[in-house]
Structures are given as C-alpha cells and as structure tokens.
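Read the structure below first, then the notes.
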Amino acid sequence: GAGVSQSPRYKVAKRGQDVALRCDPISGHVSLFWYQQALGQGPEFLTYFQNEAQLDKSGLPSDRFFAERPEGSVSTLKIQRTQQEDSAVYLCASTQEGGGVGETQYFGPGTRLLVL
Amino acid sequence: DAKTTQPNSMESNEEEPVHLPCNHSTISGTDYIHWYRQLPSQGPEYVIHGLTSNVNNRMASLAIAEDRKSSTLILHRATLRDAAVYYCIHDSGTYKYIFGTGTRLKVLA
C-alpha cells in the first residue's frame, strides 16, 4: 500500500515568512511523529501524536513551531516567522499503534526547507 | 539514556559481506534494537529490528550479542545501492527514536 507522503518536497522561504508542511501518514496508522534533520546529522524528535492528541511536543525548538492533526490522520507542521536556523529536512513518520516498544516507524521522504 | 555508538564511516567492496557494529550499553530487558538506513534525499528506511535472538529478513541479518549491549547489522552481499547512512536505534519504549550520526557506508565497485 501507499507509504507516508509529505508535501511539498522542497520549500524556499524568505526569513520572516510562515510555512506549512503537510504529512499524510499510512492509512489507519494511529501514531504520527515529526523529526527535524539538520545537514549531516541524524533526525531529531520534534513532536508526537496519538490519533488527534498531541502527547509530546517537547522537541519543538521554539513557540514559532506548531503542529496539529485535527482529525487523527493528516498532520501539518507550521513554522511562523521562519529564521535561517530553521533550514533543515522535516521528516514525518507513522506507526500502526501507539508507538510503543518494538513498533516500527515508517518515514516519509521529508520536506527540505531552505530559509533565505 | 537510549543513545547508541556507531563508527562514523565504513567501506566495503561490492558483493562482499558488510558488518556494521553498534554499541547500546544501556539496553535493558524489553528494549529493542532497530536499524534504519537513509539514502541521499530520502527519509530513513526500515531495515530490521530485534529483541534478543538473531533476526533475518530479505534485506539483512541482525546479530545481537549475548549481553545485548551490542549488535551487528550484516549485509550479506553489498551492492552499490546499499551505500547509505545506517542508523542503529535503541528503542526503550519512549516512542521517540534517538538517532545518532549513524555510519556512512561506502560501497566500492
């Protein structure tokens, strides 16, 4: 079946602009994760949803970052007033159940954000 | 702390086996080890995972040490398409994966 999809794949923003990144998880997957990957580094956790509930947002770097999953499927990561340090690849992942131990996370291709 | 330690890079000749090591010294009872790989401009791709005993699938094998503090991902015959960054993840059930910098595998033709 279809995997995790993300859009857009590439986004160029001027500093100060707001951006919205979309994630479509695998159909029926309960949990959804957002990660940020800086150049040459491994992905870092941003936030976690179980259905529509955001259970952990401890990785969001500032209050300019906001994520939602209102109907428990598609999720949007919004970054307000983008800064150059926000330039990174933003990855979305989903799991079939609650993301507990042993569950496999399936990743999308990522959105590469460049802030000029 | 569910961090892992991997070599920064490794090289292999095409069609030879590759053994990618990982240390996860803080692992405990029900914690899993997952391996992912990431090709350029793609998201991490699941490779294999295991708990205690060795695991095999169509992509690779996972050998877990008896004390579970280390593991080895085995690619039986490396191809050029296996060139990627390989991440070993210690899954302690906190749902958020902690990635290190991984091992960059270079496959030589």
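So you know, we letter chains A, B, ... as the sequences are listed, proteins then strands, and number each from 1.
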**Best-contacting candidate, B:G50, B:S92, B:P44, against chain A by heavy atom pairs under 4.5 angstrom** = B:P44
**Message:** side-chain contact (heavy atoms from CB on, under 4.5 Å) for A:L113 and A:I79? Distances and angles first, verdict last.
**Reply:** CA-CA 11 Å; A:L113 173 65; A:I79 309 173; 3.8 Å; yes
**Message:** Does this structure show an ion pair linking B:R68 with B:D31, if we count only N-O contacts that are shorter than 4.0 Å?
**Reply:** no
**Asked** After noting the C-alpha distance and the side-chain angles of B:V18 and B:D82, does the key distance pass the side-chain contact (heavy atoms from CB on, under 4.5 Å) rule?
**Response** CA-CA 10 Å; B:V18 182; B:D82 291 323; over 6 Å; no
**Request:** Select, from B:H49, B:R104, B:E45, the one with the greatest count of heavy-atom pairs under 4.5 Å involving chain A.
**Result:** B:H49
**Prompt:** Which of the residues A:G110, A:P43, A:G108 is involved in the greatest number of heavy-atom pairs with chain B at under 4.5 angstrom?
**Reply:** A:P43
**Asked** Stepwise, does the side-chain hydrogen bond (donor to acceptor under 3.5 Å, both in side chains) test hold for B:N23 with B:S25?
**Response** CA-CA 6 Å; B:N23 288 323; B:S25 57; over 6 Å; no
**Item:** Region of B:Q38 in contact with chain A, defined by heavy-atom distances below 4.5 Å
**Value:** side chain
**Message:** Which atoms of A:Q6 are under 4.5 Å from chain B, going by heavy atoms: the side chain, the backbone, both sets, or neither?
**Reply:** neither
**Request:** Assess the pair A:Y35 and A:F107: is the distance between their ring centroids shorter than 6.0 Å?
**Result:** yes
**Message:** If I measure from the heavy atoms of chain B, does A:S58 come under 4.5 Å with its side chain, its backbone, both, or neither?
**Reply:** side chain
**Request:** Decide side-chain contact (heavy atoms from CB on, under 4.5 Å) for A:L21 and A:W34; before the verdict, give the C-alpha distance in whole Å, the side-chain angles of both, and the deciding distance to 0.1 Å.
**Result:** CA-CA 10 Å; A:L21 312 180; A:W34 284 97; 4.2 Å; yes
**Asked** chain A heavy atoms under 4.5 Å from B:Y36: which part of the residue, side chain, backbone, both or neither?
**Response** side chain
